[in-house]
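Below: one structure, written as structure tokens.
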Amino acid sequence: MIALGIETSCDETAAAVVARDKDGHGRILSNIILSQAADHAAFGGVVPEIAARAHVEALDSIIAAALDEADIALDSLDAIAATAGPGLIGGVIVGLTTAKALALAAGKPLIAVNHLEGHALTARLTDNLAFPYLLLLVSGGHTQFVAVEDVGVYRRLGTTIDDAIGEAFDKAAKLLGLGYPGGPTIEAAASDGDGSRFALPRPLAGKPRPDFSLSGLKTAVRLAAEDAAPLSDGDIADLAASFQAAVVDTVVDRSARAMSLFADAHAGLEQPTLVIAGGVAANQSIRAALTTESEARGFRLVAPPQRLCTDNGAMIAWAGIERLTRGLTDDLTAPARPRWPLDAANPSAVGGGAKGAKA
């Protein structure tokens with residue numbers, strides 16, 4: 001089974017071709033990603049109108065490159081999958097409309113994929129992971145713990161009550177003059193800094209529900225920067241390191257609580273698994289700390305390769321294949337959605353306009 005995946009929900013224009021063998025193992029045949037980071041850097045964040053126009057200009061050639069690298073023709077695909085939300089609505093419309101046109105022209109099934117489901121299922125592509133497992137999804141727009149029970153079956157355990165972790169990285173980096181995107185720039189600056197210099201809060205530490213809150217931490221960074229102004233290079237490095245240390249400690253504390261809840265609900269698992277996915281999952285300090293905490297709690301940590309942490313077409317193609325194997329496809333009325341909860345009670349909510357039923 002081979003699918004084309006299209007991803008245009010934010011500032012990456014991406015397309016990929018992924019295959020699944022009869023034993024359920026996945027293989028990436030191509031994975032083309034065009035980042036728009038340079039287009040948005042001057043603004044310190046993604047400008048939706050610029051992103052949508054860039055997708056329009058680049059998507060056709062990106063799809064052609066993905067098919068060419070995979071050495072496969074459109075007619076030889078089994079399905080065409082595209083992100084249908086959540087995301088910046090202009091970009092989502094570009095990708096989903098293109099997928100609809102290709103599916104109609106080639107006579108192939110269309111699969112409208114929840115972007116978050118793409119992240120949630122990536123570990124099954126890379127590690128052939130069995131259900132169930134605990135997911136920590138950390139990105140620029142989302143921060144949540146989800147019990148992944150099956151394709152389309154998700155139970156949220158905790159989420160952010162204000163900013164996403166990736167958003168907090170971006171805003172802290174902008175405050176310190178480190179540029180966009182904030183995750184890599186904060187991590188680079190922190191490598192030369194003293195993470196103990198500034199006493200920053202660890203929000204919600206010890207609370208029973210594994211939620212996050214990042215707005216207070218962001219404010220604390222601003223106040224510390226104002227107190228230390230004018231900032232030297234050393235001050236910036238120390239603030240970046242202190243901020244990153246606070247985020248790492250918070251992620252570990254919240255993950256410990258989520259792992260406890262998940263383990264209680266799945267007592268029969270020999271070794272439960274924690275999966276970290278999303279752009280922030282590329283942060284090496286977070287990965288290292290979660291590896292230690294997972295092992296201490298009897299969990300195995302699975303983190304996809306860095307190239308599959310940020311938005312990409314391979315995860316969308318794989319999610320499409322996972323849905324196709326269960327008889328779930330979509331018709332041409334599938335809507336583009338700016339908001340689309342992963343854990344909606346109605347199974348059709350994780351496959352807008354879905355036809356068919358789980359096999």
Side-chain angles (χ1 to χ4, degrees), residues 1-7 14-33 63 65-83 99 108-137 146-154 266 269-278 281-282 287 291 294 299-329 342 350-351 356 358-359:
M1 187 175 291
I2 303 176
L4 169 69
I6 298 170
E7 159 58 30
V17 178
V18 173
R20 178 185 184 272
D21 65 24
K22 61 181 180 181
D23 296 320
H25 296 89
R27 183 163 58 96
I28 299 174
L29 304 182
S30 65
N31 189 30
I32 309 298
I33 304 171
I63 291 172
L67 294 172
D68 183 62
E69 185 174 305
D71 194 23
I72 191 168
L74 189 65
D75 289 344
S76 299
L77 297 171
D78 294 296
I80 296 171
T83 294
K108 302 296 180 180
L110 169 72
I111 303 168
V113 173
N114 185 311
H115 175 83
L116 306 182
E117 186 169 48
H119 282 301
L121 299 177
T122 297
R124 286 176 52 80
L125 167 62
T126 59
D127 293 75
N128 198 32
L129 192 62
F131 297 115
Y133 52 87
L134 174 63
L135 170 70
L136 170 56
L137 176 58
V146 178
V148 181
E149 310 285 356
D150 201 340
V151 174
V153 183
Y154 307 99
H266 300 86
L269 292 178
E270 182 176 345
Q271 184 182 35
T273 301
L274 170 64
V275 173
I276 180 171
R287 285 193 183 214
T291 297
S294 298
F299 273 67
R300 176 171 70 114
L301 180 70
V302 171
Q306 290 195 26
R307 64 189 176 88
L308 297 180
C309 288
T310 53
D311 294 348
N312 63 88
M315 70 179 190
I316 302 304
W318 178 254
I321 287 174
E322 292 263 42
R323 297 187 68 78
L324 185 62
T325 60
R326 289 159 172 77
L328 295 170
T329 61
L342 181 61
V350 189
K358 181 177 172 182

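Position 1 is the first residue of the sequence; numbering continues from there. What's counted below: heavy atoms across the whole structure, side chains too, no hydrogens, waters or symmetry copies.
C309 approaches R287 most closely through the heavy-atom pair SG-NH2, 3.1 Å. Contact record, A81 with G320: CB-CA, 3.9 Å, taken as the closest heavy-atom pair. Of all non-hydrogen atoms in A317 and A3, the two that sit nearest each other are CB-O, 3.7 Å. Residues A120 and Y154 approach most closely at CB-CE2, 4.2 Å, considering heavy atoms. For the residue pair I276 and A281, the shortest heavy atom distance occurs at CG1-CB, 3.5 Å. Here the shortest heavy-atom pairing between F299 and L134 reads CE2-CD2, 4.5 Å.
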Report the C-alpha separation of L324 and T329 in whole Å, then their side-chain angles, then the decisive distance to 0.1 Å, and conclude whether the side chain to side chain contact (heavy atoms under 4.5 Å, CB included) test is met. CA-CA 6 Å; L324 185 62; T329 61; 3.6 Å; yes
List the steps, then state whether side chain to side chain contact (heavy atoms under 4.5 Å, CB included) holds for L77 with L67. CA-CA 10 Å; L77 297 171; L67 294 172; 4.2 Å; yes
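Legend: residues meeting side chain to side chain contact (heavy atoms under 4.5 Å, CB included) with D75, ordered by chain and number and at least two apart, are A106. Legend: residues meeting salt bridge (charged side-chain N to carboxylate O under 4.0 Å, His left out) with E149, ordered by chain and number and at least two apart, are R155. With sequence neighbours left out, D71 forms a side chain to side chain contact (heavy atoms under 4.5 Å, CB included) with no residue at all.
Rounded to the nearest 0.5 Å, atoms CD (E117) and CZ (R323) are 5.0 Å apart. Distance CG/N114 to NE2/H119: 10.0 Å, rounded to 0.5 Å. Between the CG atom of L308 and the CG atom of N31 there is a distance of 6.0 Å, given to the nearest 0.5 Å. Rounded to the nearest 0.5 Å, atoms CD1 (I6) and CD1 (I111) are 11.5 Å apart. For the atom pair S76 OG and K108 NZ, the distance stands at 7.0 Å (nearest 0.5 Å). Note that the CG atom of L135 and the CG atom of L342 stand 8.0 Å from one another [nearest 0.5 Å].
Side-chain N or O atoms of S294 include none that pairs as donor or acceptor with a backbone N or O of T291 at under 3.5 Å. Looking only at distances, a side-chain donor or acceptor of D78 sits under 3.5 Å from a matching main-chain atom of I2. Side chain of N312 to backbone of T310: a donor-acceptor contact under 3.5 angstrom is found. The main-chain N or O of V17 is found under 3.5 Å from a side-chain atom of S30 such that the two form a donor-acceptor pair. Side-chain atoms of R124 come within 3.5 Å of backbone atoms of L129 as a donor-acceptor pair (strictly under, hydrogens ignored).
Relative orientation of the F131 and Y133 rings is parallel, given thresholds of 30° and 60° on the angle between their planes.
A heavy-atom distance below 4.5 Å is found between the side chains of L125 and I28. Looking only at side-chain heavy atoms (C-beta outward), V153 and P132 stay at 4.5 Å or farther from each other. In this structure, I80 and L74 have side chains that are in contact, with non-hydrogen atoms separated by less than 4.5 Å.
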